[in-house]
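Values reported hereafter were calculated over all heavy atoms of this structure, with side chains retained and with hydrogens, waters and symmetry mates removed. The residues of the chain are indexed from 1 along the displayed sequence.
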Amino acid sequence: MDGAVLADPIMETLRKRHPAYSETAYLFILAALHFTIERVGESRHITGPELAEGCRDLAIERFGLMARSVLEYWGIRSTRDLGQIVFALVECGVLVKQDGDCMNDFEGVFCFEQVFEANYPWCSARQPS
């Protein structure tokens, strides 16, 4: 995805209102939404936990062992950050939420340390120390 996905005025608004997140973080969320919709196989509303899990899986697919580092570089350190970005995109009119959607949907969906390090696919094959 390139920067043309979000118009300059939208990106400027996001930078001003939510400076903790890199522009690339917003583009990644949109890519993860597309990835998640394709994975469920139908065009429907994606829940907060579904999107968080899609972000996790896409990050692992794209960045492998560097997934956590890449996300943290963009300002994403927890599933709550994913929700903050989603709701920032809703606020700017890029995404639409349903009445029941809220930030709590993204709270504690998974622990970054667990999914990107402790439970990384080949970590379970390590011998105990």
Side-chain angles (χ1 to χ4, degrees):
M1 279 192 163
D2 62 37
V5 173
L6 293 176
D8 287 338
I10 293 171
M11 197 56 82
E12 184 62 28
T13 299
L14 291 169
R15 274 193 297 270
K16 286 180 182 174
R17 291 184 187 168
H18 307 279
Y21 304 112
S22 164
E23 293 177 21
T24 312
Y26 297 100
L27 301 176
F28 177 77
I29 293 293
L30 295 175
L33 178 60
H34 180 73
F35 173 86
T36 305
I37 290 169
E38 283 187 344
R39 187 165 62 180
V40 298
E42 60 181 305
S43 183
R44 65 167 174 79
H45 176 71
I46 301 299
T47 67
E50 286 175 322
L51 181 53
E53 291 166 3
C55 288
R56 174 199 63 209
D57 296 345
L58 183 60
I60 290 171
E61 181 179 297
R62 284 190 178 176
F63 310 117
L65 283 173
M66 295 299 298
R68 183 176 181 190
S69 296
V70 170
L71 294 175
E72 287 182 352
Y73 181 76
W74 295 337
I76 303 170
R77 292 172 172 76
S78 69
T79 56
R80 178 172 180 73
D81 288 316
L82 299 172
Q84 293 281 3
I85 293 169
V86 166
F87 278 89
L89 290 166
V90 167
E91 184 181 293
C92 288
V94 175
L95 296 178
V96 178
K97 73 177 195 77
Q98 290 188 344
D99 289 340
D101 293 338
C102 67
M103 272 299 301
N104 286 339
D105 297 340
F106 290 90
E107 289 289 338
V109 177
F110 57 82
C111 168
F112 273 42
E113 182 178 357
Q114 288 295 313
V115 301
F116 295 125
E117 293 175 20
N119 294 335
Y120 197 80
W122 58 73
C123 290
S124 60
R126 289 191 306 195
Q127 298 298 318
S129 307

A side-chain contact here means heavy atoms from C-beta on lying under 4.5 Å apart; do D101 and V90 qualify? no
May I ask you to test the E53-V109 pair for a side-chain heavy-atom distance under 4.5 Å? yes
Does the distance from a Lys or Arg side-chain N to an Asp or Glu carboxylate O, for R80 and E107, drop under 4.0 Å? yes
Do you know the tightest heavy-atom contact between A67 and A59? CB-O, 3.6 Å
Non-hydrogen atoms of I46 and L51 that approach each other most closely: CG2-N, 3.7 Å
ring-ring contact (aromatic ring centres under 6.0 Å, His included) filter on Y73, not counting sequence neighbours, yields none
Check whether any side-chain heavy atom of E113 sits under 4.5 Å from a side-chain heavy atom of R68, and report yes or no. yes
If I take atom OG from residue S78 and atom CZ from residue F106, how far apart are they, to the nearest 0.5 angstrom? 11.0 Å
Does the side chain of L14 come within less than 4.5 Å of V94's, by heavy atoms? no
Decide yes or no on side chain to side chain contact (heavy atoms under 4.5 Å, CB included) for F112 and R56, but give the supporting numbers first. CA-CA 9 Å; F112 273 42; R56 174 199 63 209; over 6 Å; no
Could you tell me whether a side-chain N or O of D57 sits under 3.5 Å from a main-chain N or O of G54, the two making a donor and an acceptor? no
Going by distance alone, is a donor N or O of one side chain under 3.5 Å from an acceptor N or O of the other, for E50 and T47? yes
List the atom of T13, the atom of C92, and the distance in Å for their closest heavy-atom pair. CG2-SG, 3.8 Å
Throw together a table of side-chain donor-acceptor distances under 3.5 angstrom for residues 20-31, partners on residues two or more places apart or in other chains.
residue, atom, partner, partner atom, Å
Y21, OH, D81, OD1, 2.6
S22, OG, T24, N, 3.1
E23, OE2, R15, NH1, 2.1

Once rounded to the nearest 0.5 Å, what's the spacing between atom CD of E91 and atom CD of Q84? 10.0 Å
If we ignore hydrogens and angles and just use 3.5 Å, is the side chain of T79 paired with the main-chain N or O of A52 as donor and acceptor? no
